[in-house]
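Note that the structure is a prediction, hence the values are computed from the model and not measured.
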Amino acid sequence: EVQLVESGGGSVQAGGSLRLACEASGSIYLRKCMGWFRQAPGKEREGVASIYIFNNPRPYTYYAPSVQGRFTLSLDSARTTVYLQMDSLKPEDTAMYYCAADSRQCPAWLPTDYNYWGQGTQVTVSS
């Protein structure tokens, strides 16, 4: 079992920044690959970033083209919290953001790739 709790969402103007956090607990094996997804109203859930953290000193990070260069993944020293630093935010980044864990492959970009999900945190970017 894995439990995921997201935080850090909010409202910001275009060009601003937010940092999301995903605090994870439970099996470290099931947390070896984690991802961030987002879902805007009326749209499908899309993969934003993925991080492989198991059994390696420096996690491997992967990003969707739409956020490459603007979003950055990081991990706390205890390897229980994954952060998503979001810079140069755009109105099209507005969505509910979800943290996910336990994928057989990494990176993983489909919602069906993951078995555990957090409750989500809302990000709103105004123009």
Asks: If a pair satisfies ring pair (Phe, Tyr, Trp, His ring centres under 6.0 Å) and one of its residues is in residues 108-127, list it, with sequence neighbours excluded.
Replies: F37-Y114, F37-W117

Asks: Which salt bridge (charged side-chain N to carboxylate O under 4.0 Å, His left out) pairs, counting each pair once, include a residue from residues 43-53, with sequence neighbours left out?
Replies: R38-E46

Asks: Please answer whether the main-chain N or O of G120 pairs with a side-chain N or O of E6 as donor and acceptor at a distance below 3.5 Å.
Replies: yes

Asks: Taking ring pair (Phe, Tyr, Trp, His ring centres under 6.0 Å) as the definition, give me every residue that meets it alongside Y98, ordered by chain and number, with sequence neighbours left out.
Replies: none

Asks: Who are the side-chain contact (heavy atoms from CB on, under 4.5 Å) partners of R19, not counting sequence neighbours?
Replies: Y83, Q85

Asks: Applying the side chain to side chain contact (heavy atoms under 4.5 Å, CB included) test to Y52, which of P59, P107, C106 qualifies?
Replies: C106

Asks: My understanding is that only residues two or more places apart in sequence, or in another chain, count here; which of them pass side-chain hydrogen bond (donor to acceptor under 3.5 Å, both in side chains) with S17?
Replies: D87

Asks: Just grab all the salt bridge (charged side-chain N to carboxylate O under 4.0 Å, His left out) pairs involving residues 95-115, residues at least two apart or on different chains.
Replies: none

Asks: Let me check something: any side-chain donor-acceptor pairs from residues 65-75 under 3.5 Å, sequence neighbours excluded? List them with distances.
Replies:
| residue | atom | partner | partner atom | Å |
| --- | --- | --- | --- | --- |
| R70 | NH1 | S88 | O | 3.0 |
| R70 | NH1 | D93 | OD2 | 2.7 |
| R70 | NH2 | S66 | O | 2.9 |
| R70 | NH2 | D93 | OD1 | 3.0 |
| R70 | NH2 | D93 | OD2 | 3.4 |

Asks: Apply side-chain contact (heavy atoms from CB on, under 4.5 Å) to Q122 and list each qualifying residue two or more places apart in sequence or on a separate chain.
Replies: T94, M96, T124

Asks: Is it true that, when you exclude Q39 itself, more than 12 heavy atoms of the residues, nucleotides or ligands shown sit nearer than 6.0 Å to its CD?
Replies: yes

Asks: For the side-chain hydrogen bond (donor to acceptor under 3.5 Å, both in side chains) test, which of E1, Q3, R31 pairs with S25?
Replies: Q3

Asks: Are V82 and Y60 grouped together when hydrophobic residues (ILVMFWY) are joined by side-chain heavy atoms under 4.5 angstrom apart?
Replies: yes

Asks: Residues in side-chain contact (heavy atoms from CB on, under 4.5 Å) with S27, at least two apart?
Replies: Y29, L30

Asks: Could you list all the disulfide (SG to SG under 2.5 Å) pairs where at least one residue sits in residues 70-101, not counting sequence neighbours?
Replies: C22-C99

Asks: Give me each pair satisfying salt bridge (charged side-chain N to carboxylate O under 4.0 Å, His left out) with a member in residues 115-126, each pair once, sequence neighbours excluded.
Replies: none

Asks: Among residues at least two apart in sequence or on other chains, which ones pass side-chain hydrogen bond (donor to acceptor under 3.5 Å, both in side chains) with S11?
Replies: none

